[in-house]
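To start, the structure under review is shown below, and the notes come after it.
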Amino acid sequence: MALSSQIDECQPDPSLTNDDLKPTSTDQRNFSGWEMASLWIGLVVGVPSYYLAGSLVDLGMSWWQGIAIVVIANLITLVPLILIGQPGTKFGISFPILARSSFGIKGAHIPTLLRALVGCGWYGIETWIGGEAIFLLLPKIVKNSTLAQSLSWLGTSPLEFACFVCFWIAQLAIVWKGIDGIRELEKYSAPILISLTSCLLIWAYVKAGGFGHMLNLSSRISSSEFWSLFFPSITANISFWATLALNIPDFTRYAKSQKDQILGQAGLPIFMGLFTFVGLAVTSSTKVIFGHVISNPITLLGEIGGFLTIFLAIFGISLATITTNIAANVVAPANALVNLSPSRFTFRRGAILTALLGIVFQPWRLLKSSESFVYTWLVGYSALLGPIMGIILADYYLIQGMNLKINDLYTLSPNGEYYYSSGYNLKAMFALVVGILPVIPGFMQNVGILPVIPKAFAIIYNNAWFFSLFLAGGLYWILSFFKGKKKNQQHIDPLLPNAS
């Protein structure tokens with residue numbers, strides 16, 4: 001009777017699950033390698049990716065240095081992407097459920113809500129970019145009106161803010177269809193985005209008479225200045241996709257096999273490298289075509305003019321923005337909120353709250369300069385995501401031995417493997433705090449709160465993602481090792497479908 005009672009206690013708790021949190025069934029696993037690759041095409045082709053390498057050139061780097069940094073950073077990012085994606089495909093579980101195994105049934109709320117917070121900020125940034133595309137379509141008489149004049153307290157003009165809200169509303173129609181709607185959107189958008197990007201590249205090549213100007217774009221900084229920018233730039237570029245690298249199980253749980261998820265994700269550094277080249281090639285060509293550099297693709301498309309160009313510009317930018325925004329910045333926050341309260345939140349309700357919080361972040365302020373975008377926003381939040389990733393990787397591969405007890409991820413029973421101390425894994429919590437603390441002085445200096453900090457803290461901040469990942473992950477492994485935690489044994493769980 002005692003054994004029977006213990007088994008009953010470990011049955012799924014209704015407060016920890018609903019249809020959005022259960023492991024995916026065999027029928028739900030319909031993401032092929034091409035569809036995973038299409039997801040990345042939809043994510044990569046967008047204004048922030050176009051703008052990223054251009055930001056590095058704005059800071060004084062040569063064209064090839066900018067592209068090299070982007071490619072190197074994305075090759076590094078590919079490693080945790082595949083590693084964290086593996087349990088998603090193997091067990092059919094989302095990021096919040098995976099986080100329960102290392103942070104505890106209740107403790108998982110902390111990493112998932114931190115990831116959700118960053119997603120809300122990105123959602124606001126992408127929506128602001130989409131709103132700029134709508135602003136581009138407006139007649140000049142409207143754009144020159146008093147409504148287009150910036151208000152100091154708002155940080156932007158009422159007209160641009162109104163365009164932002166319009167695009168914000170338009171995205172909800174896609175979100176309302178759930179993960180299947182997102183999959184279809186990414187699948188059919190990929191070839192369209194490739195075609196439109198190719199057209200823009202061909203136009204720039206013909207108008208500028210080749211890419212000679214880009215190839216002659218040399219570095220404006222010394223060797224020592226380059227290396228002082230190299231590591232924070234690598235960190236910033238890793239941070240660009242560190243968000244999705246953390247919650248990639250939200251998508252790989254739908255992959256048909258491990259082969260499909262690995263082949264699909266291998267496209268990231270390739271697509272980022274190619275699209276970065278397009279961004280730099282077109283941007284450098286504007287110096288020849290217009291007499292001055294235009295780094296913002298929305299502004300560039302407005303300069304080209306013509307009804308057809310404007311129409312394609314609005315369509316292309318809107319499509320690129322929506323495919324990136326919904327997949328990268330809605331799924332994780334929505335799932336985090338569902339995990340927080342499965343009885344109150346569904347995926348749709350979580351997505352709506354995510355969209356509302358995106359406004360609170362005031363994205364027009366985050367995009368005010370290349371420096372604030374790269375070194376404050378991107379590097380800053382990497383200090384939150386790095387330690388979470390380090391702890392999850394150390395726990396799953398070094399402590400759990402790549403085996404999870406699926407039933408125990410859905411129970412509040414003290415006998416459950418992941419209940420730890422009242423639902424919290426204190427070792428993971430401690431490692432998370434230790435991983436974040438050393439980065440705070442550098443961030444505070446970057447935003448102007450601290451005028452001077454020791455050089456060591458500046459170096460730590462410039463390498464925030466690497467430092468916090470290895471510090472938190474290593475500390476967690478050491479604490480768990482000395483605690484003598486045993487690896488889980490492979491067994492069959494009633495919740496787990498065929499997850500080969």
Side-chain angles (χ1 to χ4, degrees), residues 35 37-52 54 122-140 142-143 159-177 181-207 271 274-279 281-283 285-286 289-290 294-330 355 358 363 367:
E35 285 171 323
S38 298
L39 171 69
W40 279 113
I41 294 173
L43 288 165
V44 166
V45 179
V47 175
S49 302
Y50 182 106
Y51 181 67
L52 191 58
W122 263 118
Y123 186 89
I125 289 173
E126 293 280 3
T127 304
W128 177 256
I129 290 168
E132 281 190 301
I134 295 176
F135 183 78
L136 174 69
L137 184 63
L138 299 175
K140 286 186 177 181
V142 177
K143 289 189 285 188
L159 185 59
E160 288 175 293
F161 183 76
C163 292
F164 165 73
V165 172
C166 288
F167 193 80
W168 180 90
I169 295 172
Q171 291 179 106
L172 294 182
I174 303 295
V175 173
W176 204 250
K177 295 182 179 179
I182 294 173
R183 182 176 69 88
E184 292 298 311
L185 173 70
E186 301 292 346
K187 179 180 179 180
Y188 294 111
S189 296
I192 298 174
L193 293 173
I194 291 173
S195 299
L196 292 175
T197 301
S198 300
C199 289
L200 181 61
L201 184 65
I202 293 169
W203 171 86
Y205 182 86
V206 173
K207 283 287 185 178
F271 300 142
L274 290 173
F275 193 67
T276 298
F277 173 81
V278 171
V282 175
T283 299
S285 299
T286 59
I289 300 170
F290 298 104
I294 303 175
S295 58
N296 189 322
I298 297 175
T299 305
L300 169 61
L301 292 165
E303 288 285 332
I304 295 174
F307 175 78
L308 180 60
T309 302
I310 295 295
F311 173 79
L312 290 176
I314 299 300
F315 175 72
I317 291 173
S318 297
L319 185 63
T321 302
I322 289 174
T323 54
T324 301
N325 206 17
I326 293 177
N329 307 316
V330 172
L367 290 173

Residue pair [X] / [Y]: nearest heavy atoms and the distance that separates them:
X: Ser49; Y: Phe275; answer: CB-CD2, 3.7 Å
X: Trp128; Y: Pro363; answer: CB-CG, 3.8 Å
X: Val44; Y: Phe271; answer: CG1-O, 3.6 Å
X: Leu201; Y: Ala281; answer: CD1-CB, 4.0 Å
X: Leu300; Y: Tyr50; answer: CD2-OH, 4.0 Å

List for me each residue that meets side chain to side chain contact (heavy atoms under 4.5 Å, CB included) alongside [X], sequence neighbours excluded, and say none if there are none.
X: Leu196; answer: Ile192, Leu312, Phe315
X: Val206; answer: Ile202
X: Ile289; answer: Trp203, Lys207, Ala208, Ser285
X: Ile194; answer: Ile41, Ser198

Q.
Under the rule for side-chain hydrogen bond (donor to acceptor under 3.5 Å, both in side chains), what residues qualify as partners of Thr127, not counting sequence neighbours?
A.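 Only Gln171, Asn325 meet the side-chain hydrogen bond (donor to acceptor under 3.5 Å, both in side chains) criterion with Thr127.
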
Q) What is the distance from atom OH of Tyr123 to atom CG of Asn329, rounded to the nearest 0.5 Å? A)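 Interatomic distance, Tyr123 OH to Asn329 CG, rounded to 0.5 Å: 9.0 Å.
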
Q: Enter the distance from Glu132:CD to Ser318:OG here, rounded to the nearest 0.5 Å.
A: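 The CD atom of Glu132 sits 11.5 Å away from the OG atom of Ser318.
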
Residues which pass ring pair (Phe, Tyr, Trp, His ring centres under 6.0 Å) with [X], listed by chain and number, not counting sequence neighbours:
X: Phe161; value: Phe164, Trp364
X: Phe290; value: none
X: Phe167; value: none

Q) Within the side chain of Thr197, is there an N or O that forms a donor-acceptor pair under 3.5 Å with the backbone of Leu193? A)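 Checking the backbone N and O of Leu193 against the side chain of Thr197, a donor-acceptor pair under 3.5 Å is found.
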
Q.
When you measure from the side chain of Thr321 to the backbone of Glu126, do you find a donor-acceptor pair of N or O atoms at a distance under 3.5 Å?
A.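 The answer is no, because no donor-acceptor pair under 3.5 Å joins these two groups.
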
